[in-house]
Amino acid sequence: MKINNFPNEIKKYIIPFHDGKLTYQCLLCGRTFGIEDLLYTCPDCGGILLIYDENFDALKQIPGKVWQSIFDHRKMLTTPALKGIYRYHEFIGPAIPLEHIVYLGEGATPIVEANNYLQKKAGARFFFKNDGQNPSASFKDRGMASAFSYINFLIQKGHISDLLAICASTGDTSAAAALYASYLSNVKSAVILPHKKVTPQQLSQPLGSGASVFEIPGVFDDCMKVVEYLSEKYNVALLNSKNPWRILGQESYSYEIAQEFEYDLTDKVVILPIGNAGNITAVMSGFLKFFEAGVINRLPKIVGVQSEHANPVYNYYLEPDPEKRKFTPVNVKSSVAQAAMIGNPVSMPRVIHLANLYNKAAGEEAVHMVQVSEQAIMDWEICANRNGHIACTQGGESLAGLVAARKCGIINENETAILDSTAHALKFAGFTDMYFNDNFPAEFNISPDTSLINAPVLISPEGIKKLPAQGKPLKGKELKLFIEAVARDIAVALNVTTSQ
Ligand SMILES: *Cc1c(COP(=O)(O)O)cnc(C)c1O
Ligand SMILES: [Zn+2]
């Protein structure tokens, strides 16, 4: 829709107008820093950073109803810069001019309600929000669109020139970083992966985007230490979620949920897997910002899910007394939710900070953690996918988390859950194969539910001498005999009767 055709009261707001004053704020010492420099940690104390808009109060001057209308009208725009996460420009990055925004098709992912069978089985009404339908097939694109738009802005402003973007990854961060870097001509990317701990599909992504790909022994936490060291000692840009620009972009997930439910989040619960804890940080922060600005007047419940094989955040919150909680990293074990297989999450200080604010703003305990088994993750993923979804193993973890949260009373029967399927099922197809072939290595502790196993059936019709092959098609009588024999075998296998 052309801007002139929008209603008059919206026209003046339709193109982002707010002049944000973004600053980095250290969660440890409280100091603030301007965004002219690319920072990952506090230059003074090494603490973790978040980005705040010092002019945020100006956003509160606009009534919530008007904001809702602005976002709803922006959905009709064809301006590429405003089609993705920057539909919510004023809340995501109100210092980035539209012409510097990098848009590769991220955001605006579908929300799909589960069918009756699956809702009944899970014990709650629920939807999947399919973040696997982002360009590199995971939610990481949201944060990368933000981080790379900012990098592009710094480059266009002449603050930096050639840039080497690096990240450690359980697979999806590297796929997203390499994709966005490949779009910008003066940015190169390098990714550091734990050897044999990313799926072949994920490995193919940064390779395909032309990144330098390094594999090292160990697990993600080891890779993270290496890139932290590299970004301290060398002139490289860190693209992990330690980079607070990633968090800003990932807040869009919350804004989209708010908009999808017409800004009424009464009795809603958002469930997501936790790895490095950047995503849950962003989701809490996003809802809080919308709440403070009056765009929503209810905060949804948040449920973070971890596998028993990588559960440091869950363990931390096991202690009910906040004063006595103590964070202890864990040594991870093999997990099918491999993208979340992290023992020492970088964003833990952010989670503690924001969960506290979130509970206060909600006026009750609104942030919860649950733990699920590897078996439950796989069973629920496969079950979801047999009922119309494209959930990845981490999406299965969200669904297993819903079931666990229902069982222990965190979620009641009147509530509706929105589950983050953080990546596309195809990235993790190898785990589905292991399930179907019952050959999970022992450390996973998974044996398939035989009713869910599926495998192809090879048809080789008996008594047929001539079979077709590539470049050697059958003809005439031979073809007819072949078709009839194959059709008969398939009909027998399917137990269908003839129509005459
Ligand atoms: C990165 C990732 C996670 C974990 O998200 P964090 O922000 O690290 O907590 C979960 N699922 C998938 C598919 C991911 O790629
Ligand atoms: Zn500091």
Side-chain angles (χ1 to χ4, degrees), residues 23-33 39-50 109 129-134 136-144 167-177 193 197-199 201-202 205 220-221 223-224 239-244 246-247 249-251 253 271-285 302 304-307 310-314 332 335-351 369 377 381 390-398 401 419-428 431:
T23 52
Y24 298 105
Q25 272 185 36
C26 174
L27 280 186
L28 205 58
C29 74
R31 285 207 185 87
T32 61
F33 307 89
L39 296 181
Y40 319 112
T41 48
C42 175
D44 287 349
C45 77
I48 206 110
L49 301 170
L50 279 172
T109 54
K129 183 159 169 67
N130 287 337
D131 258 25
Q133 283 172 270
N134 275 301
S136 79
S138 89
F139 78 85
K140 298 294 199 300
D141 294 325
R142 296 177 181 274
M144 289 302 169
C167 64
S169 180
T170 53
D172 292 333
T173 301
S174 65
L193 307 171
K197 293 283 178 209
V198 306
T199 73
Q201 295 84 344
Q202 289 172 317
Q205 293 188 285
F220 170 84
D221 298 286
C223 298
M224 192 64 219
L239 261 301
N240 281 96
S241 55
K242 194 165 203 182
N243 179 331
R246 290 266 314 277
I247 305 294
Q250 289 171 203
E251 288 171 1
Y253 188 79
I271 306 184
L272 68 163
I274 303 180
N276 221 5
N279 207 23
I280 190 165
T281 296
V283 166
M284 290 189 289
S285 175
I302 306 282
V305 191
Q306 295 211 291
S307 157
N311 57 0
V313 183
Y314 172 78
V332 294
S335 174
V336 293
Q338 192 168 258
M341 207 181 106
I342 296 175
N344 191 10
V346 160
S347 282
M348 195 62 207
R350 290 170 172 153
V351 173
M369 304 294 165
I377 296 173
E381 183 207 355
I390 51 164
C392 62
T393 44
Q394 293 70 216
E397 186 176 14
S398 293
L419 275 48
D420 196 344
S421 178
T422 44
H424 199 290
L426 289 177
K427 286 202 187 214
F428 299 89
F431 293 118

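Just the heavy atoms: all of them, side chains too, but no hydrogens, waters or symmetry mates, feed the values below. Atoms within each ligand, like the ligands themselves, are counted from 1 in listed order.
- The atoms of ligand 1 that sit less than 4.0 Å from any heavy atom of A423 are 13 (C).
- Within the structure, ligand 1 has A277 among the residues with a heavy atom less than 4.0 angstrom away.
- Given atom 12 (C) of ligand 1, the protein heavy atom at minimum distance is T422 OG1, 3.2 Å.
- When all heavy atoms of V332 and I342 are compared, the pair lying nearest together is CG1-C, 3.5 Å.
- In terms of modelled atom types and a separation under 3.5 Å, the side chain of T173 and the main chain of N240 share no donor-acceptor contact.
- At least one donor-acceptor pair closer than 3.5 Å links the side chain of S398 to the backbone N or O of D420.
- D172 contributes no side-chain N or O that, together with a main-chain N or O of K140, makes up a donor-acceptor pair within less than 3.5 Å.
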Query raised in the report: Passes side-chain contact (heavy atoms from CB on, under 4.5 Å), H424 versus Q201? Steps please.
Result: CA-CA 11 Å; H424 199 290; Q201 295 84 344; over 6 Å; no
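- For atom 5 (O) of ligand 1, the nearest non-hydrogen atom of the protein is F139 CZ, 3.4 Å.
- Polar contact with ligand 1: present for D172 (N/O pair, distance under 3.5 Å).
- Note: an N/O pair closer than 3.5 Å links N276 and ligand 1 by distance alone.
- The nearest protein atom to atom 7 (O) of ligand 1, hydrogens excluded, is given as N279 N, 2.7 Å; this is a heavy-atom distance.
- An N or O contact shorter than 3.5 Å is missing between I274 and ligand 1 by distance.
- The residue K427 has no part lying near ligand 1, judged by heavy-atom distances below 4.0 Å.
- Nearest heavy-atom pair across Q205 and S136 is NE2-O, 3.1 Å.
- Between the side chain of K129 and the backbone N or O of T109 there is at least one donor-acceptor pair closer than 3.5 Å.
- Here the heavy atom of the protein found nearest to atom 14 (C) of ligand 1 is K140 NZ, 2.8 Å.
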Report task. With salt bridge (charged side-chain N to carboxylate O under 4.0 Å, His left out) as the test, would you mind laying out the steps for R31 and D44 before giving the verdict? Result -> CA-CA 8 Å; R31 285 207 185 87; D44 287 349; 3.0 Å; yes
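- Any N or O atom pair closer than 3.5 Å counts here, and I342 shares no such pair with ligand 1.
- Taking every heavy atom of A339 and a limit of under 4.0 angstrom, the matching atoms of ligand 1 come to 1 (C), 2 (C), 3 (C), 4 (C), 11 (N), 12 (C), 13 (C), 14 (C), 15 (O).
- Each of V305, L419, I302 was evaluated against L272; a single residue qualifies, I302, per the side-chain contact (heavy atoms from CB on, under 4.5 Å) test.
- The backbone N or O of A277 sits less than 3.5 Å from a side-chain atom of T281, completing a donor-acceptor pair.
- The two atoms that bring G278 and S241 nearest to each other are CA-OG, 4.1 Å, heavy atoms only.
- Shown are the protein N/O/S atoms under 2.8 Å from the Zn ion (ligand 2), given by residue and atom: C26 SG, C29 SG, C42 SG, C45 SG.
- Heavy-atom proximity to G278, at under 4.0 Å, picks out these atoms of ligand 1: 6 (P), 7 (O), 9 (O).
- Checking side-chain atoms of Q306 against main-chain N and O of I274 turns up a donor-acceptor pair under 3.5 Å.
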